[in-house]
Amino acid sequence: MRASLLTSWKVRFGLGVLGLFVLLAIFGPWINRVLLGVDPRANDIGAIASPPSTAHLLGTTQFGQDVLAQTIAGARGSMLVGVLAAGIGTLIAIAVGVPAGYFGGSVDNALNFLTNLFLVMPVLPLILIVAGYVQGTGMWVIALIIGLFGWSGGARTLRAQALSLSSRDFVLAMRMLGEPHRRLIFCEVLPHLSGWISAMFLHGMIGGVLAEAGLAFLGISDSGSISWGTMIQSAQQQSAVLRGFWWWFVPPGLCIALIGTAATLVNFGVDELSNPKLRLARRSVVARTRRAPRPATAGGETR
Amino acid sequence: MRASRRWAFLVRRLGFYLAAAAAAVALNFLLPRLMPGDPSSAIVEELERVSGQQVPAETLMSIRAIFGNPSDNLAEQFVDYLRQLGHFDLGVSVVNFPVPVADLVWQALPWTLLLVGTTTVAAFAIGTLLGVVAGWKAGSRFDALLTPFTTFLSSVPYFWVALLALWVFGFVLGWTPLSGGYDADLPQGFSFAYAVSVLHHGALPAATIIISAFGGWLLGMRNMTVTTVREDYVLLAQAKGLSPGRVMLRYAARNAMLPSFTGFAMALGGVVGGALLTEIVFSYPGIGYLLYEALQKRDYPMMQGVFLLITLAVLLANLVADLAYVVLDPRIRARG
């Protein structure tokens, strides 16, 4: 599975783009300091809200800060929230989903009720309200809130998988041998779920980046740190749109869009591998539609 | 036997949603009381900041009479809260004192229902139709171009697309207004000029919602169609010599629609909550904007009222989706 995963161009492209952004998050401050020699917070009073030029490759903000340097520095803030939120969300999903599927019965009933509750609650308004009450938020708190409200889908998947695993012969056999539950869960069930869990983590990370941007846009963010979300938020606050400072809000948004697309491509590739119908259908359907008489009329009748 | 299973399923689901609604009400009651800051002290702080002197004891008492005293017995507070809810009393807005929250919500609701309702239906219709065609002809040029494009669209942060659209069509081209739901110079009412103004203001927000939402429907529908196209009954229908359009819509699409349909019912629940971000980017006078304003000005009663309304609408829509599924998919009944 692992080898064939990399043969899909979608997966390779997606992972490549994600890798680039991870590198940017790690080495961003170094790139700014050593390669570009620009401080993302420094105010260049001589160039306020100026369009891209040779002095400032991506222009400057209303406060004369270099947009390129901010975008590079923002990678760390956004990715940090993404990774933290994904870590918290994945841990909760494992803690709720795996026991529910493994033990079944009343444990399952209680945990499944909790999962369903979080599944149906409207998440964005809930996060807004909570963040509204928790005043003076830092990046950690933002990540915590996003993770706390974003685990339910993953828990449901893990429950279903753990359910099917715990009824397989090898787990049943070990149960009969008197193996303790804790050992079974950690040594037999969890390793078999590692594929799901890593996909979940990737998904959660991208969701976290997007959620942080959305929350920052709504004014819930750590104003002291630089992320793509806080960049767009301050552009919005200074009416960058109404004054035509497009270079201020386009680069951070484009970075988020790129990350989102990359993750979707990876998901796409994984989907095609795990659901053979999506993959097999391709060639045969093409062949069949070629054989079928005038398939183009199909579109006509739908109107 | 079958009918009783169906009823057992429905009763269980109904029980779950009642419990969820109770949890939402309890959460709505507890959150402001567990978190730092309550409406009374927020008002007191604001008054002290504006006047620069301490608020007299009588004023504090009357503020607490309206917005509740945080040091009261929690059970008593909860009973009071439930009694208020029973009368559809959501409290009084702090910022727009003394306008009841229910009145403000009532004013904002039609705007959201109109904008988000129409666009949700439109996005669903467009996405589902295109998805069926893309899935039916998976691997064709149509599919190869449309699917990656919509993948990109659906992974772009929505508010950023909205900002770009506002910049291009509102600022650069000047085709659309930059904010609001109607021309403030016009008297509100059923006049032709007012209707035109509402449509003019709503066009761009509506377009951005449709553009960002139809991709999700398309991708889901495409993948489901690709799966059903491989089923034997579709092959049989084709072998019988039915027209391709008929096979695609009546056989493949009809079964592929099932998950999309439940999704649609849930999306309708989201209509009340509105597209929060849309309304904020375009300063559109709906429920989402109300919540945003309440959040910024720390209008706790308003935040709670709007949140409760959104939550209950979503729960109701989920219940309807469950009911519809029972009618549409016999397998659910069998599993109970």
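Note that the structure is predicted; figures quoted are calculated from it, not measured. Throughout, a chain's letter reflects where its sequence line sits, starting with A, and its residues are numbered from 1.
- Options B/Leu163, B/Val281, B/Val132, B/Ile280 differ in how many heavy-atom pairs under 4.5 Å they form with chain A, and the most are formed by B/Leu163.
- Within the 4.5 angstrom heavy-atom criterion, atoms from both the backbone and the side chain of B/Leu166 approach chain A.
- Side-chain contact check for B/Trp160 versus A/Ile256: every heavy-atom pair is 4.5 Å or farther apart.
- Heavy-atom minimum distance, B/Leu277 versus A/Gly214: CD2-O, 4.5 Å.
- Heavy-atom distances place the side chain of B/Leu315, and not its backbone, under 4.5 Å from chain A.
- Within the 4.5 angstrom heavy-atom criterion, no atom of A/Ile206 approaches chain B.
- Chain A forms more heavy-atom pairs under 4.5 Å with one residue of B/Phe307, B/Tyr292, B/Tyr158 than with any other, namely B/Phe307.
- In this structure, the separation between CZ on B/Phe16 and CG on A/Asn112 is 8.5 Å, given to the nearest 0.5 Å.
- Nearest heavy-atom pair, B/Val314 versus A/Val120, reported as atom, atom and distance to 0.1 Å: CG1-O, 3.2 Å.
- When heavy atoms are compared at a cutoff of 4.5 Å, A/Val209 does not approach chain B at all.
- B/Trp167 has its side chain within reach of A/Phe249: a pair of non-hydrogen atoms, C-beta onward, lies under 4.5 Å apart.
- Proximity to chain B (any heavy atom under 4.5 Å) is restricted, for A/Ile232, to the side chain, taken from C-beta onward.
- With a 6.0 Å radius and a threshold of 12 heavy atoms from other residues, nucleotides or ligands, B/Tyr17 has its OH atom above the threshold.
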